[in-house]
Novice: 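One structure coming up, written as structure tokens, with questions to follow.
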Amino acid sequence: METNKAKRVEIIIEAPMEERLTGALEAAGVTGFTVLPVLGGSGRSGRWSREGQVSRAGGMVAVICIIREERLDTLLEAAFKVVKRHIGVVTVTDCEVLRAERF
Amino acid sequence: METNKAKRVEIIIEAPMEERLTGALEAAGVTGFTVLPVLGGSGRSGRWSREGQVSRAGGMVAVICIIREERLDTLLEAAFKVVKRHIGVVTVTDCEVLRAERF
Amino acid sequence: METNKAKRVEIIIEAPMEERLTGALEAAGVTGFTVLPVLGGSGRSGRWSREGQVSRAGGMVAVICIIREERLDTLLEAAFKVVKRHIGVVTVTDCEVLRAERF
Amino acid sequence: MLDTIIGLAGDNLLSPIILFFVLGLVAAFLRSDLSIPEAVAKGMSIYLLFAIGYKGGVSVSDHGIDQSLLTTLAAGIVLSFMIPIVAFGLLQVMTNLSRTDAAAVAGHYGSISIVTFVAATSVLQSQGIASEGYMVAIAAAMEAPAILSALWLVSRGAKPTEEEAQEREGLLREILLNGSIVLLVGSFLIGFITGKDGLAEIESFIISPFKGVLCLFLLDMGLVAGRGLRNSRGVLTVGLISFGVLMPVIGSIFGLLVSMLIGLSLGGTVLMMTLSASASYIAVPAAMRVALPEANPSIYLTMSLGVTFPFNLTLGIPLYLTLATLVGN
Amino acid sequence: MLDTIIGLAGDNLLSPIILFFVLGLVAAFLRSDLSIPEAVAKGMSIYLLFAIGYKGGVSVSDHGIDQSLLTTLAAGIVLSFMIPIVAFGLLQVMTNLSRTDAAAVAGHYGSISIVTFVAATSVLQSQGIASEGYMVAIAAAMEAPAILSALWLVSRGAKPTEEEAQEREGLLREILLNGSIVLLVGSFLIGFITGKDGLAEIESFIISPFKGVLCLFLLDMGLVAGRGLRNSRGVLTVGLISFGVLMPVIGSIFGLLVSMLIGLSLGGTVLMMTLSASASYIAVPAAMRVALPEANPSIYLTMSLGVTFPFNLTLGIPLYLTLATLVGN
Amino acid sequence: MLDTIIGLAGDNLLSPIILFFVLGLVAAFLRSDLSIPEAVAKGMSIYLLFAIGYKGGVSVSDHGIDQSLLTTLAAGIVLSFMIPIVAFGLLQVMTNLSRTDAAAVAGHYGSISIVTFVAATSVLQSQGIASEGYMVAIAAAMEAPAILSALWLVSRGAKPTEEEAQEREGLLREILLNGSIVLLVGSFLIGFITGKDGLAEIESFIISPFKGVLCLFLLDMGLVAGRGLRNSRGVLTVGLISFGVLMPVIGSIFGLLVSMLIGLSLGGTVLMMTLSASASYIAVPAAMRVALPEANPSIYLTMSLGVTFPFNLTLGIPLYLTLATLVGN
Ligand SMILES: Nc1ncnc2c1ncn2[C@@H]1O[C@H](COP(=O)(O)O)[C@@H](O)[C@H]1O
Ligand SMILES: Nc1ncnc2c1ncn2[C@@H]1O[C@H](COP(=O)(O)O)[C@@H](O)[C@H]1O
Ligand SMILES: Nc1ncnc2c1ncn2[C@@H]1O[C@H](COP(=O)(O)O)[C@@H](O)[C@H]1O
Ligand code: NA
Ligand code: NA
Ligand code: NA
């Protein structure tokens, strides 16, 4: 089947920042994104788990964004502004998409 | 460690279509898949969030399928038939797998 | 923006083995990981779904680990020891990361 | 008469149930992050279906099976098949929706909203008006037929493509066996089998806390309806809003006529009117996503959940009660 | 005697609890999408453990600590260790399971199912038969030992490899501190400490709604058991099914003998028989996935949840009650 | 006096509520896998907010709006603004936290913990001491101001950078409209509107099971607090622990003085003291993650949830009650 090159950006970020991040992505002209729940994790700021978390403060989410190659930099800059002072991870992977006209 | 080349296909699709998609994948001879929950997202059909969603109609899931390169096309065709008229995103990434004999 | 090469390892494993896997990853010197919930799946050992699962025994989770290329082998060996006798899938993808100093 | 409606509506509007719905709406409009976890909301809806199904069954086992049960069942099914056709005609006159969108919306109005039904039951209760226990079973029977009408409306003339046919395959089974119907009917049957003795055992679970759970559930409905309305500002035209208020009244009149024909009690008539007036927001949307993916979900969800549901909850039910009382005398 | 069993079984089969379990089974077989969200099901099981633990503790604090508590505890632990060995022998005769699969299945039958225990309590209650409050603590004590027996059965002769040893490390701690045991024992102790005064404070939470929650929980169990059976059609042989029905009866007879030996009351005897007869489907499967990953989970889950659990719930408990009554006279 | 405190504390320590909290702590320390699903825990906190808000509103509608409501509201807001400043000063003397960390911790102590408030209400109830129904509204009003104080403390002198300014934009709206505040205030208003009649309808949902739900909720709090403490062993210094015990007492004295000034009843005084003494672990941490991401969440969560919350629950509330009684005489 015909597929086209694109980039898959995955941003793991604190839940209280989700709105700000997706707002920034939309402002940067991203056509869509998907938010996945995260159960727990570990990093420089220690280990945490959602189960039995009273506070939203500790939770994280994963935001996935498929985007054309030429728009990657705009996206990363927008995302980085939000993520900069916060804990979180940003990865970019090469991928192929079906129905490329959508992105 | 010894790893082998494979493809990682990620399909984000409406929850009511999940059964049909996984049925089609199995019919196309896929050896396995994994379904992840999706919290929310945004695309051409607007923004939605699972929290406080009365209706299953709006929810989505992500189906991940690791597959040998040579079987990718069969999979994509099967998936595309289901996804075609529906909202959703299909991406394919190159990957390496351990225990390749399983795929 | 400046990004650096890294590896994204995704391990889908039975929930009762999660603690052992993340313990092994930490022992292998991994700087962080993220655990995602899994709704259901299918493989050689049949199909299962979390909804209406009385038993934890059947559930799975996805553990994602971003790691520098040179440390990949240590990680895979540690992970493999845990996964070996168990059902589960290990994939490795090339990726780029922001803030590479963190990994 | 206007006095009665206003009095009833006033009482109704100041009941905790409605006020919690309004709280949800307001919180959504203010963009508060208040939300009920999905699992808890689903848990509450399971509780409500379980409780009303069971109570209905006990009530039928208590009064004996009324001869009219089957007649009413048939009447409900006919209403569910017919109302979408009326709705479709009205939509083509009042709005400029595409055929597909109009058919999808029409399908929602033939089906029912179980929470609206519960709210009507609770108004009847507070007025001390009895009703046929089997109306719960009629509610279950009216969920699905409208979906078939919607598919027929959209494909009149045109034959479905091979893919469309494939997607609809299995759809009928899915609709008839969807969770809400199975739970409602199953609880009804168990209530019927175990009767008053069974009820005595689980009374303090399904009767005492019922109203309180309903308040929380309507809070969630308000949040969802409010967020839906906020996200689909572009969607609602004057024509659509008018339809969303007019159609339930028309539906209720069909319900009234049929109830008179088959001789339901006052309470039963009000419930039949409410079923005819209410629009689905669970079973039908899910079926439409599978069978009519081209139809825009924002339109039908906003109509049924954002316009018709609040209308029925606040003004509709008191209106139907007044109409039924007037006609009854 | 047959009359009594049939009478009891008839009453039991028509109780709301069993009927909701059957509804779940039927819904699963019809492939309905009815489902209870995982979080809600887990929440209900937490509620049940909390309530029965607490009530057990209050009852012990009320009647004073019976001297026989420790004896019964020891007896329960011995039963949990021994039953797997009997089960393993029987499996090798009746089926052609591999050693590993047979050991894994055997481990399940030495451990217990708390919902079966609760169902037995509720049958006793409806018959007005009292039982020792501390039986809840015995239930907790019988969860884990069987797991050790299973591991011993599989590794007799062979020394575990280094990796196996590593995986089992920490397993014992995990088993003894698994959530259900901690919650059950903790609630028992708190009930014991706070006694009747504490109970008065939370009575309307843990006593009144209990039966109703149990109905919903068994609906979920029925769904899960039904889906399990449907997905593992290939797995169940005649030998396995026979074992799944025979083994609980054998277990119950061991329980009966031990109860007579230590002089439990009629109610206590029935509960001890039920514990011995029931098979685990939570703690043991999780432990088996870690320690015996080669054992096929479809086999042991289908046996314990799909065959033995429904058997105990419907016919087993009335049978054990009849046996205990006969022997008691 | 010491006698009274010890007597009260003893009673309190052996109440089911506290014992379930302790069970949670112990389970966490033993590394049991016991856990309450996130959705269920959130569902319970929604239930608690709904119930106490509603009951407060009914009580105000019942006794008439007291003239002192507005005064007390103002007093609460002032306390919430001022306490962080005191706390910040104390932290700089007692610990060597960075400015940012100290400001973040201080913010938590100006805000409130609604579960501590509920626990105090329940102690008052068991002692038969009445209190002003509107104290619930005061609790809601005291949640947010402390956050502004914390931000002011950290940025005194320095102007926020452009990015910081951007992130704080909208923060005030988010804080004021956070779910807990909206639900608490909304339920309060609905309780006020519907009064005793409304309460009669939903009483058996929000009053009878309340204590039982609170037990389960505190079990979860114990689990979370225990896991928090276990994961942050390095974080807690002697200075921090001392602060976590001293600060609530100091806060409670501020609350006492203000209550005397505005003439609250004994019950109202105890609640105001408890609000002043308690530290937030929901609204403030979330705000801090957005506005002060450099502050270490382990520090402020461990302090408020791991040190001050247990202190208030066990010794604090009895102490405040004793102090208020002494001063009142
Ligand atoms: N190397 C990594 N791979 C995957 N996820 C990570 C990694 N490092 C951090 N994370 C995630 O990001 C969160 C915050 O990381 P940190 O800022 O290092 O504390 C962690 O709790 C993990 O969920
Ligand atoms: N570019 C994208 N990246 C990631 N997910 C997307 C993207 N576009 C759409 N989606 C997901 O697919 C759903 C439907 O998209 P659409 O068909 O564009 O409305 C959205 O709600 C998202 O969850
Ligand atoms: N090819 C695959 N792609 C994605 N996930 C898989 C695949 N094979 C197996 N899995 C996942 O791993 C679990 C166990 O697989 P198995 O060991 O083959 O039974 C399945 O339930 C799936 O969740
Ligand atoms: Na209708
Ligand atoms: Na057993
Ligand atoms: Na405070």
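Quick note on labels: first sequence line is chain A, next is B, and so on, each numbered from 1. Nothing here was measured: the structure is a model prediction, and the numbers come from that model.
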Novice: Nearest 0.5 Å, please: how far is CG in F/L183 from CG in D/L216?
Specialist: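 That separation rounds to 7.5 Å.
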
Novice: Counting only heavy atoms closer than 4.5 Å, note whether F/I193 contacts chain D via side chain, backbone, both or neither.
Specialist: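 Just its side chain gets close to chain D.
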
Novice: Using the test salt bridge (Lys or Arg N to Asp or Glu O under 4.0 Å), find all partners of D/D11 that sit at least two apart in sequence or belong to another chain.
Specialist: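 Listed in chain order: nothing, the list is empty.
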
Novice: Rounded to the nearest 0.5 Å, how far does SG of D/C215 lie from CD1 of F/I190?
Specialist: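 Interatomic distance, F/I190 CD1 to D/C215 SG, rounded to 0.5 Å: 7.5 Å.
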
Novice: Heavy atom to heavy atom, less than 4.5 Å: which residues from residues 207-214 of chain D reach chain F?
Specialist: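 The residues closer than 4.5 Å to chain F, in numerical order, are D/S208, D/P209, D/K211, D/G212, D/V213.
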
Novice: If we only count heavy atoms from C-beta on, is the D/S126 to F/E201 side-chain gap below 4.5 Å?
Specialist: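 Counting from C-beta outward, D/S126 and F/E201 never come under 4.5 Å.
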
Novice: Filter on ring-ring contact (aromatic ring centres under 6.0 Å, His included), then keep only pairs touching residues 183-204 of chain F, sequence neighbours left out; what's left?
Specialist: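 For residues 183-204 of chain F: none.
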
Novice: For F/G43 and D/P37, which heavy atoms make the closest approach, and how far apart are they?
Specialist: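 F/G43 and D/P37 have their closest heavy atoms at N-CG, 4.4 Å.
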
Novice: Can you name the residues of residues 13-23 of chain D that have some heavy atom under 4.5 Å away from a heavy atom in chain F?
Specialist: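 Counting heavy atoms that sit under 4.5 Å from chain F, the residues of residues 13-23 of chain D involved are D/L14, D/S15, D/P16, D/L19, D/F20, D/L23.
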
Novice: List the atom of F/V182, the atom of D/S32, and the distance in Å for their closest heavy-atom pair.
Specialist: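 So the minimum-distance heavy-atom pair works out to CG2-OG, 3.5 Å.
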
Novice: Apply side-chain contact (heavy atoms from CB on, under 4.5 Å) to D/I36 and F/I46, showing your working.
Specialist: CA-CA 8 Å; D/I36 314 270; F/I46 287 169; 3.9 Å; yes

Novice: Distance from F/R173 atom CZ to D/R31 atom CZ, nearest 0.5 Å?
Specialist: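 Taking CZ in F/R173 and CZ in D/R31, the distance rounds to 4.5 Å.
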
Novice: Could you give the distance from CG (F/L184) to CG (D/L34), rounded to the nearest 0.5 Å?
Specialist: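 If we round to the nearest 0.5 Å, F/L184:CG and D/L34:CG are 11.0 Å apart.
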
